[in-house]
Amino acid sequence: MTETAPDLSRLRGGAPPRNHDARTIAALTSNPGCARRGVMDAAAVDKDAVARALGFPAPFGQSQFAITRGNAFEAQIKADGCAELLALLRDRLGLTVPEVAYDDLESVAGNDARELRHSRTRRLVAQALESGDGTLFDHPLLRLEIAGHPAYLEPDVLAFQLAGRLHVIEIKSFAVVDGQAEPEQVAAAARQSAVYVLALRGLVAELGHDPARVSHDVFLVCPENFSNRPTATPLDVRPQLAVLERQLTRLVRVDDILAELPADLSFELGEELATSVRAVEARYAPDCMSGCEMALFCRDEARACGRTGALGRSVRDDLGGVDTIGTALALADGSLPPSDDLAETAEQLRTAARLRAEALGGALGGVA
Amino acid sequence: MSALSSLARVQAAAAGIAQPLATVRHCHLADAPLVLVPLKLAGEAAAPLAVMVGSGPGDPTLLAVPQPRNRDLRFAFAASLATIVLKHVETSRGAVEELPPGKDGDERIRYGDAPQLLVPNRGGVAFLRLMGRSTRFRSTEGQYAVDPAVPVLGRWLTWFADRFDHPGSSLLGAMTELLRLHWTTGQSSLEDGNLAALVGWIDPPDGLDGPSAAARAEDPVLCPPAGPTTDPTFDNEVLAPAIASYDRSGGDPRAEERLRAVLADQLTPTWELMWRAVGLLRELPEGASVPKRWERDRDAFTHYHQTFGEAYPQARRDAPVRAARRLHDLERAQDAYDAQRAFDDPLVMAEYRLGGQAFGGTVTDADPARLDETGKRPKLRPLLRVATQDPVRLDEGTTVCNAARPGLKGKIVEIGDGTVLLELTGGMGRKLTPEPGAVPEVGDRVCFTSLTEGSFGVAKFPDREDTPWTHGGPPGEYVPTAEDAEEAWS
Ligand code: SF4
């Protein structure tokens, strides 16, 4: 543990740490510049609880129909030591899958301490790597270094060793119709799988093996067409891995942020909560809505401050990075003399404003 | 996005109300479009739950599947939906126009009108596409026989979804996309995906402004989502118990009625919004090229309708040549559509002026009678000097045309110092003196652009028999199999 570790647990205000999952990590990398999220995640703060306490509960409700369907599909695939999954890997992908052992790492004798679960994962992966035998691990608990601090990952995936190579298998209940699925869902699954690949590679390297033994080809198992029949699609997540690795190195160093913050800062639920949260700078963008529990709070704050980023990253870029709506409008109507680095932006905005006014005034344009 | 539309977004945010992105309507709007508001069961690819459908605001029909996991009920739903959609298709043909015969003397006709389907959002389009996919191969005979209208519906829905991908087509419209083509809100495009929020920004109810109307729209209790995905809380607290009690009742009509009532509550607000949005679009005057694009839609409709009997259901996947041709067609259609909108609408042309591909200003000098006598025969080549403040990014020698009258063509002779010197080359009549009014006069406001409408030639693709072996060789005609017909729909 690093020196700041006690501070981080103090930030949680006594609440137990929250485990990450690949969704939260994939989301974290979509906004690497956000200090607020960086600190809260490094401290394993329960952001969901914080958002609720602030009066902005995260809109991530799930329908019981979707949950039931997802669970039923997963149970079907995993029944009898993953019989259906193994058959699928043999038939569809033409893999010669030998007899495999199946280990569920979900809980160790009812003791759920994550350190314990992680060390059990370590031990079993080490054994498998030594022997090279066919093995399926269910619910491994992995660890990934996030902004200088270890984060635990509870993947809902399987790690599968075949011919000395480990593959990540992700089970999703969205349908693949005629070989195509909804692109956003596939993209999200690929991003998440990349997180697991990376974490698994870290573990393999720690155990003294070549990290390349974890394949960048992951398998996505989904229902086919309109049936319950599973289909497996190999997915090369190299592009997602590259993005992930780059973003992780770009993550704001949590220690640097902490150094700037008041010594007694805490995200304990209570009256001071909103002030504490506001003390750490956020960088809200609409993507936050799909990945961060704090999104509605941060959106409200960004809107109240008139931030252009709340309108979308592309809007902010079009406006030459101008941060607030007020500044953009003042540059556009010429009431604010631009600084040198904004001269070009200001010129564009003034032209844009003139052209809009002209076209709306009907003075000139396509239709005489 | 561009600096122009982003500025409009910022202006909307500051004003608290949506700002126009267009001065005319760029889509065709039928007198009586068929509005569909579909809902599906969460977690399933295409399990229909309900649809509110009809051609007039006061005349909705609610179709519902009381137990969405029951295959027979699903197909009964598909059959009822087929009756409504196919009736709309058949009654939207209008009078038949006779066209001049084709190259090989074929008789050619065009229907005077075509059907139009409107759904709330892109999700609605995706739902119709999957609904089409899951019904078009069904067999009307044998063990898994379905109502004969079901596969017909499937083929039509597939066709509509296919036309949706065609830029400028108005046969199937997603309301959020249609509104966003004409207005920008002061929220992000993510939030614009919520129809109620979008309409709230454009036309806030009395006493509210854009942001407060949008905030209200985000409360799923006040404003149920526009589908096809339902609100998870509604699913868990209302829908699931209602379905369970229907199941327990053993098909009791009262239980079914209760279920229909809760679904109607979810659908009615969106149904009303759809017609309000239709009204908002109707208030805009129609763009000049809209009838031309609708004519292409009518051609496509005529062709599909006329050949329906001889054709098979659309293949599961396009064969390579067909896929390449389709991609090429779509790109061409996109270019033509973008250009047409700019010619129709000064506010769209403003984007090109900001980008430097068009410029507008006042004529400061004109020599309308100038002749070019360097060649064998003299040619009419008037000169025009236009003063402009626009950031022109065109090269000397570029051919341009007049935005208001694209027939009037010219060439850029010189650019500099806030003026552009043009030599006019065409569109002034056949004589050596221009037709009256053809050449702009000093003091006239003009706009010229390098944009052209559909500058692409027709692509050459091999016929299907000549598909290169690199693309799998000639594909077999797609003939649906028995397996297609019996595909599970669970
Ligand atoms: S929602 Fe807030 S805390 Fe989360 S990433 Fe976005 S800005 Fe940061």
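If you measure heavy-atom distances from Arg313(A) to chain B, you find no contacts under 4.5 Å at all. With a threshold of 4.5 angstrom between heavy atoms, Ala8(B) approaches chain A through its backbone and through its side chain. For Leu190(B), the part sitting under 4.5 Å from any heavy atom of chain A is the side chain, from C-beta outward, and nothing else. With a 4.5 Å cut-off on non-hydrogen atoms, Ala353(A) touches chain B through its backbone and its side chain both. The part of Ile243(B) that comes within reach of chain A is its side chain, from C-beta onward, which places non-hydrogen atoms under 4.5 angstrom from that chain. Heavy atoms of Ala310(A) lying under 4.5 Å from chain B belong exclusively to its backbone. Of the atoms belonging to Thr23(B), it is side-chain heavy atoms, and not backbone ones, that fall under 4.5 Å from chain A. At a 4.5 Å heavy-atom cutoff, the contact between Glu191(B) and chain A is made by side-chain atoms alone. If you measure heavy-atom distances from Glu218(B) to chain A, the contacts under 4.5 Å come from the side chain alone. Looking at Leu319(A), only its side chain comes within 4.5 Å of chain B, counting heavy atoms on both sides. Both the backbone and the side chain of Leu354(B) have a heavy atom closer than 4.5 Å to some heavy atom of chain A.
The pair Glu170(A)-Lys172(A) counts as a salt bridge, with a side-chain nitrogen and a carboxylate oxygen less than 4.0 angstrom apart. Salt-bridge formation is detected for the pair Arg9(B)/Asp192(B): a Lys NZ or Arg NE/NH1/NH2 atom is positioned less than 4.0 Å from an Asp or Glu carboxylate oxygen. Comment: Arg354(A) engages Asp390(B) in a salt bridge, judged by a side-chain N to carboxylate O separation of less than 4.0 angstrom.
Residues Pro20(B) and Leu360(A) meet the side-chain proximity criterion, which asks for heavy atoms closer than 4.5 Å. At least one side-chain heavy atom of Val186(A) sits less than 4.5 Å from a side-chain heavy atom of Phe174(A).
Exactly one residue among Arg36(A), Glu301(A), Arg37(A), Met289(A) makes a side-chain contact (heavy atoms from CB on, under 4.5 Å) with Tyr284(A). That residue is Met289(A). For the side-chain contact (heavy atoms from CB on, under 4.5 Å) test with Leu239(B), the passing option among Asp231(B), Thr233(B), Leu49(B) is Leu49(B); the others fail.
Ring geometry for Phe56(A) against Phe297(A) counts as perpendicular: the plane angle is over 60°, on a 0 to 90° scale with 30° as the lower cut.
Under 3.5 Å, the side chains of Arg136(B) and Thr158(B) contain a donor-acceptor pair of N or O atoms.
The side-chain hydrogen bond (donor to acceptor under 3.5 Å, both in side chains) pairs that include a residue from residues 52-62 of chain A are Asp48(A)-Arg52(A), where partners are two or more places apart or lie in different chains.
Along residues 333-342 of chain A, no residue comes nearer than 4.5 angstrom to chain B, judged on non-hydrogen atoms.
Counting heavy-atom neighbours within 6.0 Å of Glu281(A) CD, excluding the residue itself, gives a total of 12 or less.
Put simply, of Pro211(B), Ala350(B), Ala42(B), Ala215(B), the one with the most heavy-atom pairs under 4.5 Å next to chain A is Ala42(B).
Annotation: cation-pi geometry not satisfied between Arg393(B) and Phe359(B) (NZ/CZ under 6.0 angstrom from ring centroid, within 45° of ring axis).
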